[in-house]
Structure formats: structure tokens, C-alpha cells
2 protein chains.
Amino acid sequence: MISTRGRYAIRVMIDLAENGSEGAYIPLKDIAERQGISKKYLEIIVKDLVSAGFLVGASGKGGGYKLCRKPEEYTVGEIIELMEGPLAAVACLIDGAAPCPRASECETLPLWEEYDRLTHDFFYGKRLSDLVR
Amino acid sequence: MISTRGRYAIRVMIDLAENGSEGAYIPLKDIAERQGISKKYLEIIVKDLVSAGFLVGASGKGGGYKLCRKPEEYTVGEIIELMEGPLAAVACLIDGAAPCPRASECETLPLWEEYDRLTHDFFYGKRLSDLVR
DNA sequence: TTATTTACCTATTGACATAGTAGGTTAGTA
DNA sequence: TACTAACCTACTATGTCAATAGGTAAATAA
């Protein structure tokens, strides 16, 4: 299940792509109102997008947020994985996790691997520009 | 993320398909040992499989569990949905849930719908017999 | 009939994640 | 100097996950 963190993050990015023409900074308040999401909660989400270098923020009057790249240069997959952690169907498939000692005999592992590839290809094949009206 | 409930349920079903030849009842203790999973925890999972009519249990000496259908007559999707609830990527797509008031203007909904179809088709296209060695 | 085996039942626990809220400080602009 | 907006830390309620604990009921083999 994709949580609100990931879903709201994508909506913020789309909002910026649609309303942030010519590199203007868009106040979070405006985004929150347009999207019908609590501004306070969006602050938490946007903070992570800034840390990751997906957005840049500017303080003070006339400040706000804007995209760092062109919409076609963001994939939906990287946004989701940033906000939610690895896009893995099962814990055994998370990179860097302790490898499952039953992996070699596990009859379900190939199933999860196949689903994992499907999911990964789907979300990394979608770009922010594909979602903008 | 598929939790242990769903994953263990599938492994129990595979174990029964492989070891329960000729309609014999297989004790949960044996399954737990073969699979390396706590028997106590499996009891909870197996209980749901019985309630749903996927398995049948027999008490007493010589008892245990067995499949009710042939392995090719179970889909992985129905097992997962039984154990984990709807296989939906986002809350707005759960059947019977309160419909999202923003659905008509939501720019991300088509994305989740497409992913949902992909996931559904994948898991309902896989059968228990596909996982048995 | 008795002992054994096995399913079946209810309750509880610790750890963690989710979805926020609350209240303040810093930075930049008009 | 007033205002705006980002930025920061902390807190909380609710729920889910992954089990564990300790029993009762049913069926069979000796």
C-alpha cells in the first residue's frame, strides 16, 4: 500500500509542475489549499523532497518551493522510493537486508522477484510529465 | 508489502500440495517444522484458510489439514486477498470504501488504477500449481 | 477406557508505522 | 520594521504486525 507520504509527495510535485512556470517559487500554503491537504503535514513531506534535492525552497516573502529539474526528468519510482523506502514486495528482496537463509529452497521467492520487477519497471517507467494535465 | 500472514499462507498451501498426496491429512506440526515457522503462529493463519473453505482440518490422532481443491484451482491472488485484505495500491481503490471526493479531478488516480490492474492480473494469473516443484 | 494426539479458541504483548497536530525559530522581502 | 514563508523539534492517537501464552474440545490408538 502506498501511504499518504508518497501520494501527497507526487501531488505536490505535479502541482509545482503545473503552477510553477518560469521558475517561480510557489508557497506551500497555495499548494495545500489547491490540494486540500494540511499545510503542516505537507511541511514534513516537502522537507524530505528538499533534502533529496528534488525541490528547492526559498524563505521569506515571495518564497516557496520549485522543481529542480524538468518534469520529464523525474520518475514516479524515485519519488515513491524516497518517501516510502524500497519499493519491495517482501522484506527478503530489500537491498542490503539480511539475506534469507531459506532463499535457495524457497518456492515463493521467484514469485516475489517477478512481481518486484513488474512493479519497479512500472513506476520507473512513469515520469512526472506523464501525470501533468 | 506482503506480510508474513500472506506469505506463510501460500507456503502452507504449497506444502500441503506437495506432501498431502491422496487426500491425507497433514499435521500442522510437520508443516511448521518443514517450513521453519512457529506452529502457534501458523495456527492463526490456517484458521482463516479453513474459515474461507480453502482447507479442511481434522482433529485427533491422524488429523491435520488438507486442500479442498486441486492445486491448479487456487489462484495466488485469492489467497493473498483472503489473508491481507484487498490487493489495492491505495485506499481510494478499495471496493466499498468511501469514494474520494477528489476522484474526478485527481491527477494520480489513473496511475494507481493502472498499477492496480497490473497487480490484480499478475496475482490472479498465478496458480498454486505454478509454485509447486 | 485411558492416554495421546491434534485441532481449535481467547487473550495479551512489544515493537513499529501512519497520519497527523502543536508551537516555535530563522531567513528573507517590501 | 512588519510581514511572510520556510524550517525545526517534539508530541500523540490509532492501528497493524508478528508473534506468544495457556488453555479446551475432538478424535483415535493402545
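Below, chains carry the letters A, B, ... as their sequence lines are ordered, and counting in each starts from 1. Excluded from the calculations below are hydrogen atoms, water molecules and symmetry mates; all remaining heavy atoms, backbone and side chain alike, are included. Just so it is clear, the structure is predicted and the values come from calculations on it, not from any experiment.
- Between B:Ser38 and D:dT20 there is a side-chain N or O to OP1 or OP2 distance below 4.0 Å.
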What N/O pairs connect the protein and nucleotides 15-19 of chain C at under 3.5 Å? Give each pair on its own line.
residue	atom	partner	partner atom	Å
C:dA19	OP2	A:Thr4	N	3.1
C:dA19	OP2	A:Thr4	OG1	2.9
C:dA19	O5'	A:Thr4	OG1	3.4

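- A:Tyr74 is linked by a side-chain hydrogen bond (donor to acceptor under 3.5 Å, both in side chains) to nothing, counting only residues two or more places apart in sequence or in another chain.
- Judged by distance alone, with hydrogens and angles left aside, the side-chain atoms of B:Asp130 form no donor-acceptor pair with the main-chain N or O of B:Lys126 at under 3.5 Å.
- Not counting sequence neighbours, the partners of A:Glu84 by the side-chain hydrogen bond (donor to acceptor under 3.5 Å, both in side chains) test are A:Ser3.
- C:dT6 atom P lies 17 Å from atom NZ of B:Lys66, rounded to whole Å.
- Note: NZ (B:Lys47) to P (D:dA19) measures 18 Å, nearest angstrom.
- Of the possible polar contacts, one joining the A:Arg7 side chain to the A:Ile2 backbone as a donor-acceptor pair under 3.5 Å is found.
- B:Glu107 and A:Arg133 are joined by a salt bridge, as a carboxylate oxygen and a charged side-chain nitrogen come within less than 4.0 angstrom of each other.
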Polar pairs (N or O, both sides) under 3.5 Å between protein and nucleotides 3-6 of chain D?
residue	atom	partner	partner atom	Å
D:dA6	OP1	A:Leu28	N	2.6

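- Ring geometry for A:Trp112 against B:Phe123 counts as tilted: the plane angle lies between 30° and 60°, on a 0 to 90° scale.
- Within the 4.5 Å cutoff, no side-chain heavy atoms of B:Tyr65 are placed close to those of B:Ile26.
- Atom pair B:Asp30:CG and C:dA7:C1' shows a separation of 14 Å (rounding to whole Å applied).
- Note on residues 9-38 of chain B: no pairs pass ring pair (Phe, Tyr, Trp, His ring centres under 6.0 Å), not counting sequence neighbours.
- Within the structure, salt bridge (Lys or Arg N to Asp or Glu O under 4.0 Å) pairs that include any residue of residues 50-77 of chain A comprise A:Arg69-A:Glu78 (at least two apart or interchain).
- Atom CG of B:Asp48 is separated from atom P of D:dT16 by 15 Å (rounded to the nearest Å).
- Rounded to an integer number of Å, the gap from CD1 of A:Ile45 to P of C:dT21 is 11 Å.
- Put simply, CD1 on B:Ile37 is 16 Å from C1' on D:dT20, counting in whole angstrom units.
- Here the P atom of nucleotide D:dC17 and the CE atom of B:Met1 are 12 Å apart, to the nearest Å.
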